[in-house]
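Model, not experiment: these values are computed from the prediction. In each ligand, atom 1 is the first atom listed, and ligand 1 is the first ligand listed. Throughout, residue positions are numbered sequentially from 1 according to the sequence presented.
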Amino acid sequence: MSINYSEKIPNNVDLSGNKTLQRALEHWQPGFLNWWSEMGPDESSNIDVYLRTAISVEPKGWAHFDYVKMQDYRWGIFLAPAEPERKINFGEHLGQPAWQEVPGEYRSALRRIIVTQGDTEPASVEQQRHLGLTCPSLYDLRNLFQVNVEEGRHLWAMVYLLHAHFGRDGREEGEALLARRSGDADNPRILTAFNEKTPDWLSFFMFTFITDRDGKYQLAALAESGFDPLSRTCRFMLTEEAHHMFVGESGIARIIQRTCDAMKEHKTEDIAKLRGLGVIDLPTLQKYLNFHYSVTSDLYGSEISSNAASFYANGLKGRFEETKLADDHKLHGSEYPYMEVVANQIVVKHAPALTALNERLRDDWVADVQAGVSRWNRIPEKAGIAFRFTLPHKGFHRRIGLFTEHHISPEGKILSEADWTRQHTDWLPTEEDRAYVCSLMGRVAEHGKFANWIAPPPRGINNQPVDFEYVRFN
Ligand SMILES: [Fe+2]
Ligand SMILES: [Fe+2]
């Protein structure tokens with residue numbers, strides 16, 4: 001499964017063996033490059049960045065690191081190796097051979113799934129496009145650009161599926177993916193969280209820690225799909241996604257470290273004093289966590305969903321680690337818990353497991369986010385600081401699902417409109433908080449130097465030193 005870089009579009013799918021498809025994708029390519037130069041990272045075209053590029057799809061040693069000009073990055077089509085005789089692992093087609101072509105009756109559902117996933121990829125590049133101008137270090141700038149080029153590649157991954165398997169409709173969707181814009185009033189991206197701004201590096205790190213992790217869970221569920229090309233595409237995307245979440249988790253950990261160091265050095269928990277020292281106080285970090293967590297929670301959709309049920313029953317989208325789960329893989333007769341407000345109380349109810357699959361995937365993600373938050377908490381713990389980060393209640397600040405009509409506090413108390421209005425500024429970033437965080441953002445671009453509000457990482461990328469010249473300006 002080596003990757004052919006001698007072609008216009010690098011690939012491991014024998015693209016030259018299908019001239020019609022190759023022509024269609026080569027026709028789409030200039031549109032993609034135009035989109036990248038218009039909506040990709042600001043002022044990045046002429047710099048050399050120490051990037052990893054996929055050279056194989058094998059789990060060990062797939063990446064090659066070298067300086068690359070951003071505009072010369074080789075975006076391509078890489079699928080994980082086919083498993084011979086792979087079967088459908090769940091739903092009503094359980095045990096049948098996986099589909100190599102789209103079954104006619106599932107064509108529109110699969111197209112929708114692929115387009116929705118595909119739309120998030122360029123959206124995040126658009127959301128993050130100004131961040132390079134305020135990077136806290138060359139190390140961080142390199143990581144941002146690595147995430148950006150790989151999200152661009154993820155768009156390629158989805159557009160390949162659309163072109164290869166959905167004919168004219170697929171090609172039209174490919175064009176539409178380049179036409180929508182994050183936050184645009186007339187032609188926005190599909191999902192709300194991908195129309196929010198990512199105005200500063202704290203938001204970027206929270207986004208990659210929390211929202212890229214939603215990406216991981218969506219891709220993992222799609223990697224189980226009975227539609228084999230989708231499964232293989234998602235499996236390789238997941239290997240790239242791990243780095244995005246690392247960037248987020250370690251980025252926030254370094255901010256916490258820096259703040260804890262300042263708290264100890266100056267023996268203070270006072271927010272105004274800490275802000276005077278130019279670090280981000282822990283309560284403000286908690287507010288950003290609350291915001292990104294709740295907005296990303298919505299991406300999983302309603303707790304109870306007939307769409308989710310039919311995606312599963314039809315073999316299109318599985319559960320997280322479906323094949324490792326020990327049950328009938330059809331969910332006949334089983335139930336799953338969810339929460340709802342009944343008579344002004346939050347109660348746990350049970351629904352047929354098939355209809356509660358969004359909630360289940362959300363729960364898998366919550367556990368993973370919680371594990372990361374617990375790792376963060378070791379930093380204040382080690383420093384002898386009492387503060388601990390917590391995830392808010394699932395019903396907090398929700399716009400989709402059963403809590404939409406209610407105001408829930410982070411502790412899970414149902415609030416009146418008046419109480420919410422009075423208290424929500426304690427829980428979500430205020431204009432003032434955001435303005436403070438933005439005021440810290442200034443470009444640090446000398447090698448080995450880091451902005452005052454973030455600690456250097458413990459080690460560099462690909463065993464390079466921390467003060468390595470990760471980005472060269474020409
Ligand atoms: Fe992605
Ligand atoms: Fe990602």
### Message
Is it the case that the side chains of His447 and Asp467 hold a donor-acceptor pair, with the cut-off being a distance below 3.5 Å and no angle test?
### Response
no
### Query
Ring centres of Trp28 and Trp35 under 6.0 Å apart?
no
### Exercise: do Asp214 and Gln218 side chains pair donor with acceptor under 3.5 Å
yes
### Message
Can you confirm whether the side chains of Glu303 and Tyr336 place a donor and an acceptor under 3.5 Å from each other?
### Response
no
### Task
Could you pull out the N/O/S protein atoms under 2.8 Å of the Fe ion (ligand 1), ignoring any water?
Glu121 OE1, Glu151 OE1, His154 ND1
### Message
Please determine whether the number of non-hydrogen atoms from other residues, nucleotides or ligands lying under 6.0 Å from atom CD of Gln370 exceeds 12.
### Response
yes
### Query
Which pairs count as salt bridge (Lys or Arg N to Asp or Glu O under 4.0 Å) when at least one residue sits in residues 2-18, sequence neighbours excluded?
none
